Visitor: 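Handing you this structure, nothing more for now.
Here the structure is a predicted model, which means the values were calculated and not measured.
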Amino acid sequence: MNIKKSFSFLLLSVLLLTGCEKEEQQVASAELFEITDGVTFNGVQVGDGKTEFIEAYSDYIIQAAYTDTDSSYMVMSINEIPYDENISTLIANFFIDEEPISEEKICEDNNIEYTELYDLLSSTDYLHAHEVIYRYLRFLWEDSVITDIDSGEFNYNETYEVPKQET
């Protein structure tokens, strides 16, 4: 398995922790994942703390992982995250044909269980019909302060070398 496919599998594994049965999250628009001059679209920057983070992102599902161990990201209440420890927090969602969509809605629209999501999003037929992009916004924390912020995306069509076919 090449690096891109391994990364894809890792990202989807992170999302599997949320499951299709969970409460519907606020679906983040593409702007949420933009960082300009070190400041996120919601006004959070390196040096900010718990208060600014909660004010900016309380409407979204937050995943957290410890950065000093081999822990995986897990969904946590924004008010229960151990901000005083070395952690990473993540906000992420899919964009299908440039529209933001939750994992739950993808499952519902395609009448699948959450465990089938990876197979759907990496299938040739689905990727020929849709552009699939996973976007994330990650914050690194030390001693209750954000020490780094990065944003990225993972394009399934490019990774699996299956371009969307125009109809």
Visitor: Does Asp143, at its CG atom, have more than 12 non-hydrogen atoms belonging to other residues, nucleotides or ligands within less than 6.0 Å?
Guide: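 No, CG of Asp143 has 12 or fewer neighbouring heavy atoms, counting only those of other groups under 6.0 Å.
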Visitor: With no hydrogens and no angle check, is any side-chain donor or acceptor of Ser123 less than 3.5 Å from a backbone partner on Leu120?
Guide: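 Here the side-chain-to-backbone pair exists.
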Visitor: Give, for atom CD1 of Ile133 and atom OH of Tyr156, the distance between the pair rounded to the nearest 0.5 Å.
Guide: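 Nearest 0.5 Å value for the CD1-OH distance: 11.5 Å.
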Visitor: If every non-hydrogen atom of Leu32 is compared with every non-hydrogen atom of Leu137, which pair is closest and at what distance?
Guide: O-CD2, 3.4 Å
Visitor: Could you see if Val39 belongs to whatever hydrophobic cluster contains Phe53? Use Ile, Leu, Val, Met, Phe, Trp, Tyr and a side-chain cutoff under 4.5 Å.
Guide: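 No, no single cluster joins them.
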Visitor: In the structure I gave you, are the side-chain heavy atoms of Leu127 and Val132 within less than 4.5 Å of one another anywhere?
Guide: yes
Visitor: Look only at the side chain of Asp48 and the backbone of Gln45, and say whether a donor-acceptor pair between them is shorter than 3.5 Å.
Guide: yes
Visitor: Going through the distances and angles, do Ile78 and Tyr83 end up as a side-chain contact (heavy atoms from CB on, under 4.5 Å)?
Guide: CA-CA 10 Å; Ile78 198 166; Tyr83 296 99; 3.3 Å; yes
Visitor: Excluding sequence neighbours, so at least two apart, what forms side-chain contact (heavy atoms from CB on, under 4.5 Å) with Ser77?
Guide: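 Ser77 satisfies side-chain contact (heavy atoms from CB on, under 4.5 Å) with Asn79, Glu80 once adjacent residues are dropped.
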Visitor: Answer yes or no: is there a side-chain heavy-atom contact under 4.5 Å between Phe95 and Ile101?
Guide: no
Visitor: Going hydrophobic residue to hydrophobic residue with side-chain gaps under 4.5 angstrom, can you get from Leu140 over to Ile35?
Guide: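 Hydrophobic grouping puts Leu140 apart from Ile35.
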Visitor: When you compare the side chain of Ile62 with that of Ile81, does any pair of heavy atoms fall below 4.5 Å?
Guide: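 They are in side-chain contact.
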Visitor: Starting at OG of Ser122, measure out to OH of Tyr160 and round the result to the nearest 0.5 Å.
Guide: 4.5 Å
Visitor: Applying salt bridge (Lys or Arg N to Asp or Glu O under 4.0 Å), name anything that partners Asp148, two or more places apart in sequence or on another chain.
Guide: none
Visitor: How close do Pro100 and Ser29 get, heavy atom to heavy atom, and via which atoms?
Guide: CG-CA, 4.3 Å
Visitor: Name the atoms and distances for all side-chain donor-acceptor pairs under 3.5 Å in residues 84-92, with sequence neighbours left out.
Guide:
| from | atom 1 | to | atom 2 | distance (Å) |
| --- | --- | --- | --- | --- |
| Ser88 | OG | Tyr73 | OH | 2.4 |
| Thr89 | OG1 | Trp141 | NE1 | 3.0 |

Visitor: Can you name the residues that form a side-chain contact (heavy atoms from CB on, under 4.5 Å) with Glu98, not counting sequence neighbours?
Guide: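 Here the qualifying residues are Glu131.
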Visitor: Does Lys50 have any salt bridge (Lys or Arg N to Asp or Glu O under 4.0 Å) partners at least two apart in sequence or in another chain, and if so, which?
Guide: none
Visitor: Tell me whether Phe41 shares a hydrophobic cluster with Val44, the cluster being built from Ile, Leu, Val, Met, Phe, Trp, Tyr side chains joined at under 4.5 Å.
Guide: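 Unlinked, Phe41 and Val44 end up in two clusters.
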Visitor: With a distance cut-off below 6.0 Å to the six-membered ring centre and an angular limit of 45° from the axis, does Arg135 pair with Phe94 as a cation-pi contact?
Guide: no
Visitor: With a 3.5 Å distance limit and no angle check, can you tell me whether Glu116 reaches the backbone of Glu113 through a side-chain donor-acceptor pair?
Guide: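 Side chain of Glu116 to backbone of Glu113, a donor-acceptor pair under 3.5 Å: yes, one is there.
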Visitor: Assess whether side-chain contact (heavy atoms from CB on, under 4.5 Å) is satisfied between Phe139 and Thr147, documenting all intermediate values.
Guide: CA-CA 8 Å; Phe139 302 83; Thr147 60; over 6 Å; no
Visitor: Donor-acceptor check, side chain of Ser102 to backbone of Val27, threshold 3.5 angstrom: yes or no?
Guide: no
Visitor: Minimum heavy-atom separation for Asn110 to Tyr126, with atom names?
Guide: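 Here Asn110 and Tyr126 meet closest at OD1-CE1, 3.8 Å.
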Visitor: Can you see which heavy atom on Met76 is nearest to which on Ala64, and at what distance?
Guide: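 It is SD-CB, 3.6 Å.
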Visitor: Check side-chain contact (heavy atoms from CB on, under 4.5 Å) between Glu34 and all other residues, then give those that pass, not counting sequence neighbours.
Guide: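 In terms of side-chain contact (heavy atoms from CB on, under 4.5 Å), with neighbours along the sequence ignored, Glu34 is linked to Glu31.
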Visitor: Taking all heavy atoms of Asn93 and all of Ala28, pick out the closest pair and write down the distance.
Guide: OD1-CB, 3.1 Å
Visitor: Using modelled atom types only, decide if a donor and an acceptor are shared between the side chain of Asn157 and the backbone of His130 within a distance under 3.5 Å.
Guide: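 Yes, because the side chain of Asn157 sits within donor-acceptor range (under 3.5 Å) of the backbone of His130.
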Visitor: Students often mix this up, so state it plainly: with edges at 30° and 60°, are the rings of Tyr136 and Tyr134 parallel, tilted or perpendicular?
Guide: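 Geometry flag for Tyr134 against Tyr136: tilted rings.
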Visitor: Looking only at heavy atoms, which two atoms of Tyr66 and Ser71 are closest? And how far apart?
Guide: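 Answer, listing the atom of Tyr66 first, then Ser71: N-OG, 2.8 Å.
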Visitor: Hey, what do you get for CD (Glu103) to CG (Leu121), rounding to the nearest 0.5 Å?
Guide: 9.5 Å
